[in-house]
Amino acid sequence: MDDDSPNDVSLHIEFRCEDDSWQALPDVETLIGQALRLAWSGGTGGAGDTGRAPRAEVSVLLAGDTTLQALNREWRGKDRPTNVLSFPGPDMPVPAEDGTLVCHLGDLALSYQTLAREADKEDKPLAHHLQHLAVHGMLHLQGHDHETEEEAEEMEALERTLLARLGIPDPYAA
């Protein structure tokens with residue numbers, strides 16, 4: 001799945017599904033792709049983060065609670081499932097098999113069960129919550145964080161702006 005950002009840097013998204021629950025969202029790759037491309041082009045200017053690579057890529061793992069819990073325990077020391085995990089890639093572009101430079105932005109992992117529980121609890125459409133988490137994860141890959149209140153406010157404001165462009169209401173509204 002390739003597309004060009006406004007900065008003429010192609011974004012390739014590689015999907016891997018290891019949990020059959022994701023079949024409940026037959027357009028999952030399209031929904032995630034829309035959200036990632038929007039965050040890529042509007043998160044931090046997109047191409048500015050790729051060095052001189054003409055192509056950027058991100059990998060998306062569609063998994064379940066068991067996998068996300070194991071990843072969360074291994075990488076964050078938290079022994080519980082979570083909705084999305086972001087693993088930023090290296091800062092330097094690397095040569096692809098065809099010799100062109102590629103910037104691997106990183107990997108995202110999403111849990112269907114946690115996503116579905118949260119959407120149900122918050123009375124949100126599952127597709128909206130999925131796209132919110134995809135935007136959130138991509139912003140992490142671009143260097144955004146929410147460790148401090150100031151960072152959280154900045155990141156949430158950017159998420160609201162991007163999600164509004166997808167027609168999704170403010171996910172943080174009470």
Side-chain angles (χ1 to χ4, degrees), residues 1-3 5 9-47 49-50 53 55-78 80-91 93-94 96 102-119 124-147 151-152 155-156 158-160 162-163 165-166 168 171:
M1 193 176 232
D2 287 325
D3 195 17
S5 79
V9 174
S10 173
L11 178 64
H12 177 75
I13 304 168
E14 185 72 33
F15 290 92
R16 190 175 98 205
C17 184
E18 70 171 38
D19 190 300
D20 290 340
S21 300
W22 287 101
Q23 292 177 10
L25 276 171
D27 53 350
V28 64
E29 290 185 12
T30 300
L31 291 168
I32 291 172
Q34 290 172 339
L36 294 182
R37 284 189 172 79
L38 181 61
W40 166 242
S41 65
T44 58
D49 296 338
T50 67
R55 192 171 95 199
E57 63 184 21
V58 62
S59 298
V60 178
L61 173 63
L62 302 172
D65 276 353
T66 302
T67 298
L68 269 281
Q69 182 170 351
L71 290 169
N72 205 18
R73 180 177 50 245
E74 180 178 348
W75 293 100
R76 298 179 65 225
K78 298 181 179 189
R80 61 181 181 268
T82 189
N83 49 22
V84 62
L85 289 170
S86 302
F87 301 96
D91 291 335
V94 296
V102 177
C103 181
H104 182 71
L105 300 174
D107 305 317
L108 298 176
L110 294 141
S111 169
Y112 181 85
Q113 290 80 19
T114 298
L115 175 94
R117 274 193 312 275
E118 291 173 347
K124 296 177 180 178
L126 189 58
H128 287 185
H129 194 45
L130 171 65
Q131 288 189 301
H132 174 212
L133 294 178
V135 164
H136 183 88
M138 181 61 127
L139 291 177
H140 276 303
L141 296 182
Q142 292 176 292
H144 293 273
D145 214 335
H146 45 81
E147 293 297 317
E151 287 175 337
M155 188 169 174
E156 289 172 10
L158 185 51
E159 288 175 22
R160 285 182 187 99
L162 294 170
L163 292 171
R165 290 174 52 192
L166 290 171
I168 297 174

Whether [X] side chain and [Y] backbone form a donor-acceptor pair below 3.5 Å:
{"X": "Glu151", "Y": "Glu147", "value": "yes"}
{"X": "Arg37", "Y": "Leu11", "value": "yes"}
{"X": "Thr67", "Y": "Gly64", "value": "no"}

Legend entry - side-chain contact (heavy atoms from CB on, under 4.5 Å) assessment of Val28 paired with Leu31: CA-CA 5 Å; Val28 64; Leu31 291 168; 5.5 Å; no
Taking the side chain as every heavy atom from C-beta outward, state whether [X] and [Y] have any pair of such atoms under 4.5 Å apart.
{"X": "Thr82", "Y": "Lys78", "value": "no"}
{"X": "Met138", "Y": "Val135", "value": "no"}
{"X": "Gln113", "Y": "Asp19", "value": "yes"}

To the nearest 0.5 Å, what is the distance between [atom1] on [X] and [atom2] on [Y]?
{"X": "Ser10", "Y": "Trp40", "atom1": "OG", "atom2": "CH2", "value": "9.5 Å"}
{"X": "Leu130", "Y": "Leu115", "atom1": "CG", "atom2": "CG", "value": "5.5 Å"}
{"X": "Asn83", "Y": "His132", "atom1": "CG", "atom2": "NE2", "value": "8.5 Å"}
{"X": "Ser59", "Y": "His104", "atom1": "OG", "atom2": "NE2", "value": "4.5 Å"}
{"X": "Glu159", "Y": "Ile168", "atom1": "CD", "atom2": "CD1", "value": "11.0 Å"}
{"X": "Leu61", "Y": "Leu85", "atom1": "CG", "atom2": "CG", "value": "9.5 Å"}

Legend entry - Worked check of side-chain contact (heavy atoms from CB on, under 4.5 Å) between Tyr112 and Asp20: CA-CA 9 Å; Tyr112 181 85; Asp20 290 340; over 6 Å; no
Do you know the tightest heavy-atom contact between [X] and [Y]?
{"X": "Leu162", "Y": "Ala39", "answer": "CD1-CA, 3.9 Å"}
{"X": "Val102", "Y": "Ala96", "answer": "CG2-CB, 3.4 Å"}
{"X": "Leu36", "Y": "Ala134", "answer": "CD2-O, 3.4 Å"}
{"X": "Leu71", "Y": "Ala109", "answer": "CD1-CB, 4.0 Å"}

Inset, instruction - State yes or no: are the ring centers of His140 and His146 separated by less than 6.0 Å? - result: yes
Inset, instruction - Check step by step if side-chain contact (heavy atoms from CB on, under 4.5 Å) holds for Leu38 and Arg165. - result: CA-CA 8 Å; Leu38 181 61; Arg165 290 174 52 192; 3.3 Å; yes
Inset, instruction - Mind checking side chain to side chain donor-acceptor pair (under 3.5 Å) for Thr66 and listing every partner two or more places apart, or none if nothing turns up? - result: none
Inset, instruction - Determine which pairs satisfy salt bridge (charged side-chain N to carboxylate O under 4.0 Å, His left out) with at least one residue from residues 124-133, sequence neighbours left out, and list them in order. - result: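 Salt bridge (charged side-chain N to carboxylate O under 4.0 Å, His left out) check on residues 124-133 returns Glu122-Lys124.
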Legend entry - All salt bridge (Lys or Arg N to Asp or Glu O under 4.0 Å) counterparts of Arg117, not counting sequence neighbours: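 Once residues adjacent in sequence are excluded, the partners of Arg117 under the salt bridge (Lys or Arg N to Asp or Glu O under 4.0 Å) criterion are Asp65.
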Legend entry - Carboxylate-amine/guanidinium proximity below 4.0 Å for Arg16 and Glu18: yes
Legend entry - His129 and Gln131: side chain donor to acceptor below 3.5 Å: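 The criterion, which ignores hydrogens and geometry beyond distance, is not satisfied for Gln131 and His129.
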